[in-house]
Amino acid sequence: TPEQQERLMEWLAVDRLSCAGARARLRREFGVTAPLGDLQSFYARCATPWSYTRTHGAAETITRLALAEKRLALKERKVALLEGRAALADRARRIAYNATLTATQRGEQLRALFALGN
């Protein structure tokens, strides 16, 4: 069956089972007997390309995940910068609308605020 062939490819390509070991496992798990030569042909014809395709797909997935992680880090950095600017704007607004300060005091505090960049 296709499921049995998939398992056989996993045993040969992922588990690195020898053809003789795979033959014994086929008999034990599926009750199937196969000549060793047939298993060797199956390995050359199917398991090796299957393993390459599977490995190549995993590498692409890892690359996509790494890029997504970098994009996420950049977005988090942008959010942190925007939050910092919003906090600075809030402080400036509090100074600008503080009725207890004179115009000169407001100006000094605003200049100090923006000169420091806090």
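Throughout, numbering of the chain's residues begins at 1 and tracks the sequence. Just so you know, these numbers use all the heavy atoms, side chains as well, and skip hydrogens, waters and symmetry mates.
Residue L101 is grouped with residue F114 when hydrophobic side chains (ILVMFWY) are merged at heavy-atom distances under 4.5 angstrom, including chains of intermediate members. Under a hydrophobic-cluster definition in which Ile, Leu, Val, Met, Phe, Trp and Tyr are linked whenever side-chain heavy atoms come within less than 4.5 Å, directly or via other members, F30 and L39 are assigned to the same cluster.
Residues R28 and R25 have side chains in contact (heavy-atom distance under 4.5 Å, counting atoms from C-beta outward).
Expressed to the nearest 0.5 Å, how far CG of L88 lies from CZ of R93 amounts to 10.5 Å. Taken from CG in N98 to CD1 in I95, the straight-line distance is 8.5 Å, to the nearest 0.5 Å. One finds the CG atom of D90 at 11.5 Å from the CD atom of E83 (value rounded to the nearest 0.5 Å).
Of all heavy-atom pairs spanning Q4 and V32, the tightest one is NE2-CG2, 4.4 Å. When all heavy atoms of C19 and Q40 are compared, the pair lying nearest together is SG-CG, 3.7 Å. Closest of all the heavy-atom pairs between R27 and T33 is NE-CG2, 3.8 Å.
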Query raised in the report: After noting the C-alpha distance and the side-chain angles of R77 and L81, does the key distance pass the side chain to side chain contact (heavy atoms under 4.5 Å, CB included) rule?
Result: CA-CA 6 Å; R77 174 106 171 100; L81 289 170; 3.9 Å; yes
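Ion pair R111/E108 not flagged as a salt bridge, since none of the NZ, NE, NH1 or NH2 atoms sits closer than 4.0 Å to an Asp/Glu carboxylate oxygen.
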